[in-house]
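Note: hydrogens, waters and symmetry copies are ignored here, and every other heavy atom, side chains too, is used.
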Amino acid sequence: MNQPVRLLVSAMLLTGWLVSTANAASPVKNASAIVVKDMHCATCAQKIAAKLYAVPAVLEVRADVKSNTAYIVPQSNKQVSPRALWEAVEAAGFEPVALNGPSGSFKSKPTK
């Protein structure tokens with residue numbers, strides 16, 4: 001991750017914008033939600049968010065540590081690949097458990 005992105009993610013964590021320990025609902029209708037095994041702290045959420053932000057068409061990532069869920073908001077008029085989201089979580093070193101979004105619901109890695 002380049003330095004400006006790292007600083008932005010760090011600033012977002014410090015202000016509480018990126019990671020919430022409160023019960024958060026999906027931020028928008030076309031958002032995707034991915035449940036992640038063992039996302040138990042802000043550091044875990046930061047690692048996952050950094051990988052999710054690298055996925056094409058991702059605009060915003062919010063994490064709810066209590067529910068082990070990351071919410072991903074796509075850029076306007078764009079779709080995010082469910083497979084790319086799943087693989088981003090894996091690349092962060094975590095195990096995705098479920099993914100729900102505009103393209104469907106998945107309990108294993110999506111094909112697209």
Side-chain angles (χ1 to χ4, degrees):
M1 178 179 353
N2 64 35
Q3 187 63 21
V5 172
R6 183 175 293 124
L7 290 173
L8 176 61
V9 170
S10 295
M12 291 161 57
L13 276 168
L14 289 173
T15 61
W17 185 82
L18 177 65
V19 177
S20 170
T21 57
N23 185 15
S26 180
V28 292
K29 271 187 183 180
N30 61 344
S32 296
I34 189 162
V35 179
V36 181
K37 185 175 180 181
D38 294 329
M39 180 175 66
H40 61 288
C41 67
T43 301
C44 297
Q46 182 179 16
K47 288 177 186 177
I48 293 164
K51 293 294 184 180
L52 289 169
Y53 271 114
V55 174
V58 169
L59 175 66
E60 179 181 335
V61 177
R62 292 188 183 184
D64 181 348
V65 174
K66 279 189 176 181
S67 69
N68 294 314
T69 304
Y71 298 98
I72 302 94
V73 179
Q75 295 172 358
S76 182
N77 299 319
K78 297 207 177 178
Q79 289 187 339
V80 179
S81 161
R83 183 176 181 93
L85 294 176
W86 194 279
E87 289 176 344
V89 172
E90 290 176 329
F94 293 85
E95 181 183 342
V97 177
L99 186 147
N100 295 299
S103 298
S105 296
F106 307 91
K107 297 281 185 187
S108 60
K109 188 185 292 189
T111 58
K112 293 183 184 182

Nearest 0.5 Å please: distance from the CD atom of Gln46 over to the OH atom of Tyr53.
11.5 Å
Taking all atoms of both residues into account, what is the closest heavy-atom pair of Val65 and Ala42, and its distance?
CG2-N, 4.4 Å
Heavy-atom closest pair (Lys78 atom, Ala57 atom, distance to 0.1 Å) is CB-CB, 3.9 Å
Is there side-chain contact between Ser32 and Leu85, with at least one heavy-atom pair below 4.5 Å?
yes
Which value, rounded to the nearest 0.5 Å, describes the distance between Thr111 atom OG1 and Phe106 atom CZ?
7.0 Å
Other residues, nucleotides, ligands: >12 heavy atoms within 6.0 Å of Glu90 CD:
yes
Can you see which heavy atom on Val35 is nearest to which on Ser67, and at what distance?
CG1-O, 4.5 Å
Side chain to side chain contact (heavy atoms under 4.5 Å, CB included) evaluation trace for Val89 with Leu52:
CA-CA 7 Å; Val89 172; Leu52 289 169; 4.2 Å; yes
Can you measure from CG (Asn100) to CD1 (Ile34) and round to the nearest 0.5 angstrom?
9.5 Å
Give a yes or no on whether Lys37 atom NZ has more than 12 heavy-atom contacts from other residues, nucleotides or ligands under 6.0 Å away.
no
Residue pair Lys112 / Pro82: nearest heavy atoms and the distance that separates them:
O-CD, 3.6 Å
What distance do Thr69 atom OG1 and Met39 atom CE have between them, rounded to the nearest 0.5 Å?
6.0 Å
Asn30 CG to Leu59 CG distance, which is reported to the nearest 0.5 Å
9.5 Å
